[in-house]
Amino acid sequence: MQKIAIIIPTRNNKDNLFKTLDTLQKSTNHPNYDIFIITDNQGELSNETFWKLSNDDKITLLISRTKGSIKAMNFGIKKTWDEDILLTHDDMIFEKTDPDWLTYIQWLAYSQEDIGVITYRGAVGRSGSDYLDGLNWVGTWFMFIPRKTINKIGILDDS
């Protein structure tokens, strides 16, 4: 089974990032994935935050000089060599409805030659101050890109 690189760009959002990582890891049974956190703001990473992130063997922390989510995602894609890619945000909550969801998405991407990208967006709740406090909001967004697609068309358009 092809390895999956889960790329999460973040900026000044460490509290929600830890919630994202917690729910992602608890809801995923895929046997072969790594998480790449991309930040362009090294200052947001206190020693405690850096220690928590670097102490997990599934997580790689990358510091990028680029600005913006798409550029950060491209930075991560370039660093992951042969892996399939799952892109998501640093404030998403992954629901544990099916622990094999990532395996299924990967299988689906390779089940037909003409599938290039799989996206998903689900949300419950409302935005505003409740969102910032992590209340009344559950969101999931991802884009799965098989390595075959990246090799064929290249990285994301960030213009």
> Does any N or O in the side chain of Gln2 come within less than 3.5 Å of the main-chain N or O of Asp82, such that one atom is a donor and the other an acceptor?
Replying inline: yes
>> Just verifying a value: how many Å separate Ile105 CD1 and Asp84 CG, rounded to the nearest 0.5 Å?
In response: 12.0 Å
>> Would you say that Leu62 contacts Ile37 through its side chain, given a criterion of any heavy-atom pair below 4.5 Å between the two side chains?
In response: no
>> Taking side-chain contact (heavy atoms from CB on, under 4.5 Å) as the criterion, tell me which of Leu86, Leu108, Thr88 meets it with Phe144.
In response: Leu86
>> Quick one, Ile6 and Ile8 - any side-chain contact, counting heavy atoms below 4.5 Å?
In response: yes
> Ignoring hydrogens and geometry, is there a side-chain-to-backbone donor-acceptor pair from Asn74 to Leu156 under 3.5 Å?
Replying inline: yes
> Can you check whether His30 reaches Asp100 side chain to side chain, under 4.5 Å on heavy atoms?
Replying inline: no
>> Would you say the rings of Trp101 and Phe142 are close, in the sense that their centroids are separated by under 6.0 Å?
In response: yes
> Hey, does the side chain of Thr149 reach the backbone of Ile145 with a donor-acceptor pair shorter than 3.5 angstrom?
Replying inline: no
> Are Thr60 and Ile35 side-chain neighbours, meaning at least one heavy-atom pair lies under 4.5 Å?
Replying inline: no
> Taking C-beta and beyond as the side chain, do Ile77 and Ile150 meet within less than 4.5 Å on heavy atoms?
Replying inline: yes
>> Ring of Tyr110, cation from Lys148 - is the NZ or CZ under 6.0 Å from the centre and inside 45° of the axis?
In response: yes
> How about His89 and Thr20: do any of their side-chain heavy atoms sit closer than 4.5 Å?
Replying inline: no
>> Just verifying a value: how many Å separate Ile38 CD1 and Lys79 NZ, rounded to the nearest 0.5 Å?
In response: 9.0 Å
>> Please find the pair of heavy atoms, one from Gly116 and one from Pro146, that lie closest to each other, and give the distance.
In response: O-CD, 3.0 Å
>> So does Ala5 get a backbone contact from the side chain of Asp34, meaning a donor-acceptor N/O pair under 3.5 Å?
In response: no
>> Quick check against the 3.5 Å criterion: does Arg147 have a side-chain atom that pairs as donor or acceptor with the backbone of Ile4?
In response: no
> Out of curiosity, Ser64 OG to Met73 CE, how far, rounded to the nearest 0.5 Å?
Replying inline: 12.5 Å
> Between Ile153 and Ile7, is there a shared hydrophobic cluster once you connect ILVMFWY residues whose side-chain heavy atoms come closer than 4.5 Å?
Replying inline: no
>> Under 6.0 Å from the ring centre and within 45 degrees of the ring axis: does the NZ or CZ of Lys3 meet both conditions for the six-membered ring of Tyr33?
In response: no
